[in-house]
Amino acid sequence: MESKRLTTVFIALTVTASAVGCSLKKSGADGAGILNVSPRSIIFEWQELYAQKLNEFMTSDKFSEVAQGGLEESRFDLYDLDGDGTPELLISADNQHKTQCEIFTVSDGQVVSSGSFGEYGSFTYYPDFKMIKDEYSGAGFVIGKFMTFDGDGFKEYFSYSDNSGSASKGASIKHEINGQSLTLPEYDEAMNVYRNTRTITIGRKYTFGTASIDYALHCSESWGAVLTPTEKKLFTEQLRNSLEVATELDKDASFEFCDLTGDDVPELIVSEGSSTKDSCRIYYISNNVLLELNGKYGYKGKLYYDNEQHVFYTMGGSTGNACWSLTSNDISSFSVSRSHMECGRKFILNEENITASMQ
């Protein structure tokens with residue numbers, strides 16, 4: 001079996017984002033002689049439609065290619081919000097406090113707007129309920145609503161408000177759901193269903209570089225369709241093992257498939273959690289054996305990846321600013337390109353997502 005050769009560089013990052021690269025040789029067929037198929041061979045109607053929408057946004061006055069004035073550049077994301085098999089396109093102009101994330105979907109062969117939500121260019125999503133939380137917090141109060149999404153757009157599921165934080169100022173305290181006043185125990189009982197449910201933050205995964213757009217549209221949503229039966233079996237076993245560990249440790253683990261070498265065969269990234277002490281583990285298959293890349297990578301359970309130069313990197317944490325490569329590329333003078341992405345926390349690690357990721 002072949003182990004991956006890892007190149008590591010510790011760097012002082014002075015750019016908006018940083019990246020790393022690694023070199024790795026993997027087998028091209030499973031035990032039954034089934035060859036890997038390129039994810040780019042999987043064609044969906046939404047790919048070209050979203051490419052057109054992204055190009056349209058890039059020509060608008062909302063688009064920022066580089067960070068300016070303390071704000072990060074424009075980014076986008078893909079996520080299937082209603083579970084119908086077609087991802088929605090999420091566009092984030094920047095990460096300013098008041099910036100919402102625009103959501104688009106495909107209907108009758110057209111890209112249509114489904115509204116804008118969130119702040120800082122992203123929003124909180126509840127996968128278990130397929131709902132978005134749209135919340136605003138002020139001095140001593142919070143108001144918000146949960147929105148469900150179907151093919152026709154978003155619909156308000158319920159609204160809530162609470163001004164408990166104003167108690168010290170002598171305000172009349174109210175806890176309301178759908179405009180109905182509740183006692184604090186009643187309010188907490190209703191809200192705890194959602195407070196105790198895992199969420200993800202989406203909207204700012206990919207930059208608008210050519211390579212990152214290509215990867216997002218033509219690779220990121222197709223891995224389950226091109227993995228061989230052997231790869232699916234091995235990755236499923238590892239994900240279930242990781243889930244067992246995460247459950248024992250009560251960690252909010254996540255995972256994602258990502259091609260870290262540009263060879264159209266993905267690596268598996270398992271995020272241990274989202275705390276400052278959490279890292280990512282990276283797995284790959286060679287000669288029909290699942291192997292783990294030595295070490296832990298990332299900070300707060302996520303990595304950054306340069307899609308153009310095939311370098312993954314981290315900022316902060318125990319390794320500081322460092323980049324790695326599984327390719328033979330020289331990364332000693334690495335400088336991030338315009339094509340980079342966050343990776344590691346796309347899917348909550350649970351049995352439902354393990355099964356779905358293999359389809």
Side-chain angles (χ1 to χ4, degrees), residues 37-58 74-92 100-118 121-134 146-157 199-208 211-227 232 254-259 264 266 307 341-343 345-348 350-359:
V37 176
S38 170
R40 290 177 173 81
S41 67
I42 308 298
I43 306 300
F44 299 105
E45 176 191 34
W46 57 263
Q47 292 170 321
E48 182 57 32
L49 295 172
Y50 285 165
Q52 294 172 9
K53 176 56 67 174
L54 291 172
N55 287 331
E56 176 186 314
F57 178 80
M58 292 172 68
S74 298
R75 298 191 184 188
F76 72 97
D77 206 342
L78 294 170
Y79 201 93
D80 185 0
L81 297 174
D82 58 358
D84 68 350
T86 296
E88 277 58 57
L89 172 64
L90 322 171
I91 296 182
S92 170
Q100 294 187 316
C101 184
E102 297 182 81
I103 303 174
F104 300 91
T105 192
V106 173
S107 177
D108 296 327
Q110 301 291 324
V111 176
V112 296
S113 174
S114 294
S116 299
F117 300 94
S122 59
F123 60 87
T124 301
Y125 179 66
Y126 290 69
D128 286 352
F129 300 104
K130 294 182 172 54
M131 293 196 307
I132 286 174
K133 182 174 77 170
D134 194 18
F146 284 92
M147 309 289 292
T148 59
F149 180 77
D150 59 26
D152 296 323
F154 288 91
K155 296 178 176 62
E156 184 175 312
Y157 184 66
T199 65
I200 57 175
T201 300
I202 52 181
R204 295 187 56 78
K205 186 175 181 64
Y206 303 98
T207 62
F208 277 77
S212 53
I213 290 176
D214 175 72
Y215 177 86
L217 295 181
H218 300 290
C219 298
S220 68
E221 306 301 308
S222 302
W223 293 124
V226 300
L227 291 173
K232 289 182 179 182
S254 299
F255 72 98
E256 179 173 355
F257 290 105
C258 187
D259 181 6
D264 285 349
N307 301 88
M341 60 180 281
E342 293 184 1
C343 53
R345 298 194 62 78
K346 181 169 184 176
F347 299 114
I348 292 172
N350 57 33
E351 185 61 36
E352 179 182 0
N353 286 334
I354 292 173
T355 299
S357 69
M358 301 299 163
Q359 298 175 351

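Only a predicted model underlies this, so the values are computations on that prediction, with no experimental measurement involved.
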Side chain to side chain contact (heavy atoms under 4.5 Å, CB included) for T86 and F44? Distances and angles first, verdict last.
CA-CA 9 Å; T86 296; F44 299 105; over 6 Å; no
Exercise: identify the closest heavy-atom pair between E88 and Y50
CA-OH, 3.6 Å
State the CZ-OG distance between F104 and S116, to the nearest 0.5 angstrom.
7.0 Å
From R40 atom CZ to D214 atom CG, the distance as rounded to the nearest 0.5 Å
4.5 Å
Result of checking V111, L78, L89 against W46 for side-chain contact (heavy atoms from CB on, under 4.5 Å):
L78
Within a strict 4.5 Å, meaning less than it, do heavy atoms of the V106 and E45 side chains meet?
yes
Residues forming a ring pair (Phe, Tyr, Trp, His ring centres under 6.0 Å) with W223, sequence neighbours excluded
none
Within a strict 4.5 Å, meaning less than it, do heavy atoms of the F123 and L90 side chains meet?
yes
Within the 4.5 Å heavy-atom criterion, are F146 and F129 side-chain neighbours or not?
no
Which distance, rounded to the nearest 0.5 Å, do you find between the SG of C219 and the CG of D264?
5.5 Å
Using a distance-only test with no angle check, is there a side-chain donor-acceptor pair under 3.5 angstrom linking S92 and R204?
yes
Any donor-acceptor pair under 3.5 Å from S212 side chain to Y206 backbone:
no
Heavy atoms only: give me the nearest Q359-T355 pair and the separation to one decimal.
CG-O, 3.5 Å
Sub-3.5 Å donor-acceptor pair from the side chain of Y125 to the main-chain atoms of Y79, do we have one?
no
What residues, two or more places apart in sequence or in another chain, satisfy ring pair (Phe, Tyr, Trp, His ring centres under 6.0 Å) together with Y157?
none
Sub-3.5 Å donor-acceptor pair from the side chain of D82 to the main-chain atoms of F149, do we have one?
no
Sequence neighbours left out, what passes ring pair (Phe, Tyr, Trp, His ring centres under 6.0 Å) with F208? Give chain and number order.
F57, F63, F76
CD (Q110) with more than 12 external heavy atoms under 6.0 Å
no
Which residue pairs pass the salt bridge (Lys or Arg N to Asp or Glu O under 4.0 Å) test with at least one member in residues 121-131, sequence neighbours excluded?
none
Roughly how far apart are M58 CE and L54 CG, rounded to 0.5 Å?
8.0 Å
In chain order, what residues pass the side-chain hydrogen bond (donor to acceptor under 3.5 Å, both in side chains) check against S254, with sequence neighbours excluded?
R198, R345
Expected output: side-chain Q47 to main-chain L217 donor-acceptor under 3.5 Å:
yes
Taking the side chain as C-beta and beyond, is there a heavy-atom pair between I132 and I103 under 4.5 Å?
yes
What are the two closest heavy atoms between V112 and S107, and how far apart are they?
CG2-CB, 4.1 Å
Side chain to side chain contact (heavy atoms under 4.5 Å, CB included) between N307 and I213: does it pass, once the steps are laid out?
CA-CA 9 Å; N307 301 88; I213 290 176; over 6 Å; no
Nearest heavy-atom neighbours spanning S38 and V226
O-CG1, 3.9 Å
For the residue pair N353 and I348, what are the closest heavy atoms and their distance?
ND2-O, 2.8 Å
What distance separates T201 OG1 from D77 CG, expressed to the nearest 0.5 Å?
10.5 Å
Show the numbers, then the answer: is there a side chain to side chain contact (heavy atoms under 4.5 Å, CB included) between Y215 and S220?
CA-CA 6 Å; Y215 177 86; S220 68; 3.9 Å; yes
If I compare all heavy atoms of G203 with all of C101, which pair ends up nearest, and what's the gap?
CA-SG, 3.9 Å
Calculate, to the nearest 0.5 Å, the distance between atoms NZ and CD belonging to K205 and E256 respectively.
3.5 Å
After noting the C-alpha distance and the side-chain angles of I202 and L81, does the key distance pass the side chain to side chain contact (heavy atoms under 4.5 Å, CB included) rule?
CA-CA 10 Å; I202 52 181; L81 297 174; 3.8 Å; yes
Identify, with sequence neighbours excluded, every residue that meets ring pair (Phe, Tyr, Trp, His ring centres under 6.0 Å) alongside F347.
F255
